[in-house]
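Every chain is numbered from 1 and lettered A, B, ... according to where its sequence line falls, protein lines coming before strand lines.
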Amino acid sequence: DAGVIQSPRHEVTEMGQEVTLRCKPISGHNSLFWYRQTMMRGLELLIYFNNNVPIDDSGMPEDRFSAKMPNASFSTLKIQPSEPRDSAVYFCASSPRWGRSTDTQYFGPGTRLTVL
Amino acid sequence: SQQGEEDPQALSIQEGENATMNCSYKTSINNLQWYRQNSGRGLVHLILIRSNEREKHSGRLRVTLDTSKKSSSLLITASRAADTASYFCATGSGGGADGLTFGKGTHLIIQP
């Protein structure tokens with residue numbers, strides 16, 4: 001199994017530009033999570049999906065952030081327009097079964113975003 | 001705000017020694033998990049303990065949970081250089097496949 005796949009691994013962009021991060025969860029997993037990691041705030045949950053449906057987006061910092069999951073094998077996190085304070089490592093994680101909070105979450109390698 | 005708070009923030013020990021990390025949390029939980037993150041990599045699940053459990057073992061790992069004190073500890077015995085990483089506790093509140101709330105982590109350095 002290839003694990004959770006994220007692309008790109010690194011992204012450098014200028015303030016005001018649109019950024020799209022992509023995630024392919026592990027096949028058969030029903031839950032998908034987006035996290036952001038910074039030195040100041042640690043790991044923060046942004047949004048999660050169960051069976052492709054957004055369940056909780058209360059962690060999305062601003063309207064500039066949006067996430068979609070058009071099918072079970074693909075999700076995107078978009079920032080438009082991007083700002084320097086959005087610089088962070090963004091992780092996608094998936095989990096096998098919806099409705100089981102005790103399930104292990106499997107993390108992707110992350111996308112390191114730098115907004116100049 | 002962070003649910004879990006790890007202590008210490010950084011720990012440096014000699015190879016072969018035991019390493020103990022602590023985690024405190026604020027609200028009721030369904031389970032508590034420990035993850036490891038190597039530099040520049042994603043997180044890897046280590047062990048999960050449920051709220052009705054007090055202790056759990058997995059290889060060289062031992063986790064304890066005290067729900068009355070809202071705290072957990074992770075013990076790594078006979079440490080190895082490869083254990084150098086950041087360790088995070090994460091809590092799940094239950095009621096569905098909810099996201100986890102992570103602490104800021106303990107950075108562990110094993111000196112050869």
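- Cluster membership for A/V89 and A/Y48, using ILVMFWY side-chain heavy atoms within less than 4.5 angstrom, is shared.
- Remark: the A/Q105 side chain and the B/Q33 side chain contain no N/O donor-acceptor pair separated by less than 3.5 Å.
- In this structure, the portion of A/Q37 lying under 4.5 Å from any heavy atom of chain B is its side chain and not its backbone.
- Neither the backbone nor the side chain of A/Y106 comes within contact range of chain B; no heavy atom of the residue lies under 4.5 Å from a heavy atom of that chain.
- B/L61 and B/I13 fall within the same hydrophobic cluster, defined by Ile, Leu, Val, Met, Phe, Trp and Tyr side-chain heavy atoms under 4.5 Å apart, directly or through other members.
- The closest donor-acceptor contact from the side chain of B/K104 to the backbone of A/M40 lies under 3.5 Å.
- Contact annotation: the side chain of A/F33 never approaches that of B/L100 to less than 4.5 Å [non-hydrogen atoms, C-beta and beyond].
- In the displayed structure, B/K56 atom NZ is contacted under 6.0 Å by more than 12 heavy atoms of other residues, nucleotides or ligands.
- Rounding to the nearest 0.5 Å places CZ of B/R41 at 14.5 Å from CZ of A/F107.
- Counting heavy atoms of neighbouring residues, nucleotides and ligands inside a 6.0 Å radius, atom CZ of A/R64 exceeds 12 of them.
- Heavy-atom contacts from other residues, nucleotides or ligands closer than 6.0 Å to CG of B/N52 number more than 12.
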